Amino acid sequence: MSGFQKGATYEQIKVYVLEHTGLKISSLYISQVKRKCGLDVGQNYNLSKKEDARVPQCPPEKEAAIVEALKHFQMI
């Protein structure tokens with residue numbers, strides 16, 4: 001592939017999940033699920049300055065919706 005990303009963008013995944021489940025999801029949740037599935041995720045440049053920063057974890061119902069979207073876009 002000549003520099004183009006395979007599959008869908010985060011925005012396309014968000015729109016798909018919203019249309020099919022009514023759930024609003026964040027880019028953080030998408031990246032967490034992509035990591036679980038072994039997909040490449042870009043580096044996060046928006047890191048917290050705090051040492052004990054709390055990172056919210058993706059709820060199971062949103063994780064299932066994101067996995068379904070990744071399957072729809074043939075990313076997994």
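Just so it is clear, the model here is predicted, and its values are computed rather than measured.
Counting only residues at least two apart or in different chains, ring-ring contact (aromatic ring centres under 6.0 Å, His included) contacts with residues 49-71 are absent. Applying the side-chain hydrogen bond (donor to acceptor under 3.5 Å, both in side chains) test to residues at least two apart or on different chains, none of the pairs has a partner in residues 37-49. Residue pairs meeting the ring-ring contact (aromatic ring centres under 6.0 Å, His included) criterion with at least one partner in residues 55-76, sequence neighbours excluded, are Y16-H72, Y16-F73. For residues 51-62, there are no side-chain hydrogen bond (donor to acceptor under 3.5 Å, both in side chains) pairs, not counting sequence neighbours.
The shortest distance between side-chain heavy atoms of Q12 and T9 falls below 4.5 Å.
Qualifying side chain to side chain donor-acceptor pair (under 3.5 Å) partners for E63, counting only residues two or more places apart in sequence or in other chains: K36. Shown here are the side chain to side chain donor-acceptor pair (under 3.5 Å) partners of S27, two or more places apart in sequence or in another chain: K14.
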* Full working for side chain to side chain contact (heavy atoms under 4.5 Å, CB included) between V55 and Q32 -> CA-CA 11 Å; V55 178; Q32 287 175 351; 3.9 Å; yes
* Going through the checks in order, is the side chain to side chain contact (heavy atoms under 4.5 Å, CB included) test met by Y29 and K34? -> CA-CA 9 Å; Y29 291 165; K34 285 178 75 173; over 6 Å; no
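Residues V41 and L70 are members of one and the same hydrophobic cluster, defined by side-chain heavy-atom contacts under 4.5 angstrom among Ile, Leu, Val, Met, Phe, Trp and Tyr. Under the 4.5 Å side-chain heavy-atom criterion for Ile, Leu, Val, Met, Phe, Trp and Tyr, I30 and V15 are members of distinct hydrophobic clusters. Under a hydrophobic clustering in which Ile, Leu, Val, Met, Phe, Trp and Tyr are joined whenever their side-chain heavy atoms come within less than 4.5 Å, directly or via other members, L18 and I13 fall into different clusters.
In this structure, C58 SG and I66 CD1 are separated by 4.0 Å, a value rounded to the nearest 0.5 Å.
Across all their heavy atoms, A65 and T21 have their closest contact at CB-CG2, 4.0 Å.
Under a 3.5 Å cut-off, the side chain of S31 and the backbone N or O of L28 do form a donor-acceptor pair.
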